[in-house]
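Since the structure comes first, as structure tokens, the remarks are kept for the end.
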Amino acid sequence: MMNYGLTEDQLTIVRLAAEIAEKKIKPVRAEYDEKEEFPWPVIEDIRKADLFGVYLPEKFGGFGGGNFELVLVTEALSRACAGIALAVAASGLCAIPILLFGNPEQRQKFLPELASGKKLGAFTITEPEAGSDATSTRATARLDGDHYVVNGVKNFCSSGKAADLYVLFASTNPSKGPRGISAFVVEKGTPGFSFGKKETKMGIRASWTYELVFNNCRVPKENLIYKEGHGLRVAQGTFDYSRPGVAAQALGLAQGALDESMAYIRVRKQFGKPISSFQAIQHMAADCATQIEAGRALLYSVARAMDAASKPAVDEAIKMGLPVYDVLEKLSGGKRWTKESAMVKLFCSDMAMKVTTDCVQMCGGIGYMRDFPVEKYMRDAKITQIYEGTNQIQRNEIAAMMIKEAASSERREAVNA
Amino acid sequence: MPLNIVVCVKLTPSTANIEIDPATGSLRREKMSFAINPFDEYAVEEGVRLKERIPGSWVGALSLGAPDSEAALRESIARGVDEAFLISGPAFEGSDTFATGYALAMGIKKIAQIKGRVDLVICAKQTNDSDTGQVGPAVAAWLGWPGISFVKKVEEVSDKFLRLHRMMEDGYDVIEADLPAVIAVLKEINEPRLASLKGKMAAKKAAIPRWGAAELGVDESKIGRRGSPCAVAQQAAPPARPQGHRIQGGSPQEKAKQLVEKLQELKLI
């Protein structure tokens, strides 16, 4: 890998995650994929290595890194198995909205448990009728005294049932449509909260995907994240920060698939020569490596730029006892990362699909077989083009931001003229 | 009752290709890479597990060796040990297991002075370089404490004693030993964890005191070459393995036929 100028601490994180990937994940990944079981012993290894909290402030038991550190861990673990790495990423998807939008009490209550990995987190927005269109959320949360009474069904929840904390989206005011949606933290074991169907999937099979059922579930009022009616803002703000994690998963698995393929094509002989000596194979391998490096360069620069902007806001917000989002709005003049985070997610996941498909092709018949690890990378790659917004939605968001930026620069020019 | 535990560790060659200088008969250290003795990983893990099991406990690591032995101590800290101490100096060079046991015992006494007391010493059953398995028992003898080797399980730890499983050829013994005690543990005892991120950071920052003969107050006639009743007369690398015979080509049936012919030719069947 190229020298990206990682700090000594970042290199330590990468080496540690790579060691876990090599020693603890690789030997068991095929078994968890086959059995579709949750990899509890591996989760315990990741927890003991302190890798759940690399991106969270030290005040909450984290390592004090940022988005970039989360990207590095996710990439290194996904190089062995993106399904197992998803447990870390899904916990991040629960911690990020609490970090960015939570009040000081919520941060203090929930983040240390997620940082230590003692509790796993999950994020649940999708409903049977609300996939790409999160505005049609039907789950409701009605205020009743000190509690919100939640009713409805959520589905496709990653780390469902395995997680202890869930960031949930439900409407507190259905008459207001999208502006009636609010975000909550719900703890597993809250009466009225149960698990429905367990999905069987194409890839990332070491991760549980569950339907969640809320039946008059009473969620304490203090578990409302940010303000009533601001749920979609919480979701979008979270995705701005979490999509680089999906990109990191895609990047890691693409690299893992290419590593396996490179080892194989150098020993596989046909026509009396290793197949790596054929130009047809060489060009495919060269394209894979080039695309991976392009993805990495884009992802690392975006994650670093996001950290440079957001980490001072996090520190300031902790000091002032305010939600990070409010400080961020003030410090960066409302600068959003929607475009850039959509770009890295789009680029890296499309890249991973192409690279893993080509890796199967380079390995030929054996590449298609389940006792060789490359086909699993291809199955795992597909989800990265779909979750946290399909790549079509990413393109919509990139274009929408481009149009907005063009319009506002025209306005500025008009004012200056 | 919280325990103060000391784990003894050693930096040893991490490669199987050990080179011996034919002139001096000693290891060519400059050509080799070193790491914590792989058996010590189990001793460190057991120490850290006991610390986690008994709240308020403390675990330290102690090594005798060249200054680069610090690497083994830092690795121990990365895996959860609280503090580390190094015994090092020219006076200790050439120590055999008798002298090493004495030096380590003196180090443990010094740690006991600093920490108030030491309740338990954990060694690995052996190192991967000299393979004697004698240092653990020697430390126990020098301290005058009970010494139990081949420990595969620490079943119970109370205020006063340990209940251990000692592996035997035909099963295991259940042994109760008074504290303080020295145990030497087997690979079967646990599965060592990897280092943690916080551990690695602590290892990087840790200040490791280095004790020479004077700081330790040792009797210099009992350490180093002078204090070692055993001397290595000669060391030699095992002869290189002769090249094998490779059965080439053809179908599995033909290969099998060739193999049988070869074995018959050698009068092995």
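All chains are named by letter (A, B, ...) in the order of the sequence lines, taking the proteins before the strands, and each is independently numbered beginning at 1.
- Listed in order of number, the residues of residues 82-92 of chain A that approach chain B to under 4.5 Å between heavy atoms amount to none.
- In the displayed structure, B:F150 atom CZ is contacted under 6.0 Å by at most 12 heavy atoms of other residues, nucleotides or ligands.
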Can you pull out the donor-acceptor contacts between chain A and chain B, under 3.5 Å, including backbone atoms?
unit_1: A:T12; atom_1: OG1; unit_2: B:K204; atom_2: NZ; d: 3.3
unit_1: A:K24; atom_1: NZ; unit_2: B:E191; atom_2: OE2; d: 3.2
unit_1: A:A49; atom_1: O; unit_2: B:L197; atom_2: N; d: 2.9
unit_1: A:D50; atom_1: OD2; unit_2: B:S196; atom_2: OG; d: 3.3
unit_1: A:D50; atom_1: OD2; unit_2: B:L197; atom_2: N; d: 3.4
unit_1: A:D50; atom_1: OD2; unit_2: B:K198; atom_2: N; d: 2.8
unit_1: A:G61; atom_1: O; unit_2: B:K198; atom_2: NZ; d: 3.3

